[in-house]
Amino acid sequence: MKIVFMGTPSPAAEILTKLIKKKYQILCVITQPDRPKGRGQKLSFSPVKEVALKHGLPIEQPEKVKGDKAFAAFIKALNPEAIVVVAYGKILPKEILEIPQKGCLNVHASLLPKYRGAAPVQWAILKGEEETGVTVMKLDELLDTGDILLQKKVRISEDDTTITLMDRLFSAGGKLLIEALEKKVKPTKQNDAEATYAPMLAKESGEIDWRKSAREIHDRVRALIPWPAAHTFYKEKLLKILKTELHVLDLELKRQEPGTIIEIIKNVGFIVATGKGDLLIKEVQPAGKKGMGAYNFAIGHDLKSNETLPN
């Protein structure tokens with residue numbers, strides 16, 4: 001089968017690799033333009049571009065897709081049987097959607113119509129969901145509203161972060177995509193009345209409010225790895241919280257104000273009081289430094305019990 005592949009981040013690169021191994025004919029790989037990255041602001045290739053270069057596949061990196069008639073004509077001239085879109089980052093116009101006879105197939109990391117939008121994995125964890133899933137659907141001109149082809153449920157574990165959950169979701173999604181390409185699957189309309197949304201996160205989304213429950217803060221830490229990362233401030237300097245664990249203290253202990261450091265546990269970390277329950281902080285990242293164990297941070301910065309982190 002002749003395919004045009006569109007995608008950008010690592011999960012998309014994994015699915016592109018699967019398609020290559022299955023011997024699909026990849027006519028062209030479309031990915032986002034190279035962007036400056038890191039302190040040196042050097043141009044960085046997307047993970048999808050890295051895979052395409054490794055396998056000698058043709059690559060196109062248009063700045064825009066909508067309204068670009070030359071790009072639409074280019075895709076039409078390729079005459080693909082299907083266009084596969086995985087976290088590409090742009091909505092395709094009607095003139096491209098109508099080109100392939102098998103349609104434009106998309107892998108979306110939620111059980112649509114739940115969590116339409118740019119950050120479905122993050123929002124599923126933020127909302128405390130115990131289960132999410134992956135959907136292969138046909139794209140239309142709107143955002144994540146196309147007909148559903150196949151779906152698979154995936155359980156969210158207590159220790160899942162966005163990274164680990166995304167890996168499992170797109171691994172399952174790659175298998176579903178191949179099934180949808182190779183078999184005749186009857187499309188199912190989405191029920192718009194059941195739709196929920198997962199908008200793109202902002203950098204400010206990471207700031208921790210210790211007045212919230214330990215469960216809510218724990219979910220925020222897991223959801224916002226790797227970006228923007230949940231964070232607090234210590235001595236007016238930003239401190240990212242990378243790993244936490246729900247913790248239950250002796251009920252006879254006096255209830256502390258949210259944000260109060262209750263106890264420092266040797267070689268483990270430190271416990272912070274929240275609006276409901278207590279949270280064990282296990283890994284942190286001080287501003288401008290690499291991630292480290294929370295106990296090492298506490299010792300190195302002379303952290304003491306009864307100090308308070310800001311709300």
Side-chain angles (χ1 to χ4, degrees), residues 1-13 15-16 19 24-37 41 43-53 57-110 112-113 115-120 122-123 135-149 170 173 177 180-181 187 189-190 192 195-203 227:
M1 183 182 297
K2 298 185 295 181
I3 291 173
V4 167
F5 185 89
M6 297 182 169
T8 302
S10 295
I15 290 181
L16 174 58
L19 295 176
Y24 287 102
Q25 185 181 350
I26 311 298
L27 301 173
C28 189
V29 172
I30 316 295
T31 190
Q32 295 274 11
D34 302 338
R35 305 292 187 197
K37 190 176 181 182
Q41 291 292 286
L43 285 180
S44 175
F45 296 165
S46 74
V48 162
K49 183 174 179 178
E50 295 280 5
V51 171
L53 288 170
L57 298 173
I59 301 167
E60 291 291 329
Q61 297 176 269
E63 280 289 347
K64 66 174 186 175
V65 172
K66 195 171 183 178
D68 189 335
K69 293 183 179 179
F71 179 72
F74 167 75
I75 298 295
K76 189 170 184 177
L78 290 174
N79 193 28
E81 294 172 74
I83 295 176
V84 170
V85 184
V86 185
Y88 175 46
K90 295 180 188 292
I91 295 177
L92 302 185
K94 185 178 181 181
E95 56 264 32
I96 291 178
L97 294 173
E98 291 177 344
I99 291 171
Q101 62 188 48
K102 285 188 72 73
C104 295
L105 276 59
N106 174 243
V107 179
H108 183 79
S110 80
L112 290 171
Y115 298 117
R116 293 173 176 173
Q122 292 92 328
W123 281 101
T135 301
V136 174
M137 67 170 184
K138 280 195 168 186
L139 285 176
D140 60 18
E141 292 181 81
L142 301 178
L143 182 64
D144 302 327
T145 58
D147 292 353
I148 294 168
L149 296 175
F170 280 97
L177 172 66
L181 288 169
K189 295 282 184 187
Q190 292 190 42
D192 292 339
T196 60
Y197 294 89
M200 190 175 292
L201 296 161
K203 191 174 182 179
W227 189 91

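Computed from a predicted model, the values in this text were never measured in an experiment.
With hydrogens and angles disregarded, no donor-acceptor distance shorter than 3.5 Å links the side chain of Lys66 to the backbone of Lys90.
Scanning both residues, Asp144 and Arg116, for their nearest heavy atoms gives O-NE, 3.3 Å. What you find for Tyr115 and Ser110 is that their closest heavy atoms are O-OG, 3.4 Å. The shortest heavy-atom contact between Ala180 and Leu105 is CB-CD2, 4.0 Å. Here the closest non-hydrogen pair linking Pro120 and Ala109 is CB-O, 3.5 Å.
The shortest distance between side-chain heavy atoms of Val29 and Val51 does not fall below 4.5 Å. Between Lys138 and Asp140 the shortest side-chain heavy-atom distance does not fall below 4.5 Å. Residues Met6 and Leu92 have side chains in contact (heavy-atom distance under 4.5 Å, counting atoms from C-beta outward).
Ile99 CD1 to Glu95 CD: the interatomic distance, rounded to the nearest 0.5 Å, is 8.0 Å. If you take OG on Ser44 and CD on Glu50, they are separated by 7.0 Å, rounding to the nearest 0.5 Å. Atom OG1 of residue Thr145 and atom CD of residue Gln190 lie 6.5 Å apart, to the nearest 0.5 angstrom.
Judged as a side chain to side chain donor-acceptor pair (under 3.5 Å), and not counting sequence neighbours, the contacts of Asp34 are Lys49, Gln61. In this structure, the side chain to side chain contact (heavy atoms under 4.5 Å, CB included) partners of Thr8, at least two apart in sequence or on a different chain, are Thr31, Gln32, Ser46, Tyr88.
For the side chain to side chain contact (heavy atoms under 4.5 Å, CB included) with Tyr24, the qualifying choice from Lys2, Met1, Glu81 is Met1, the only one to do so.
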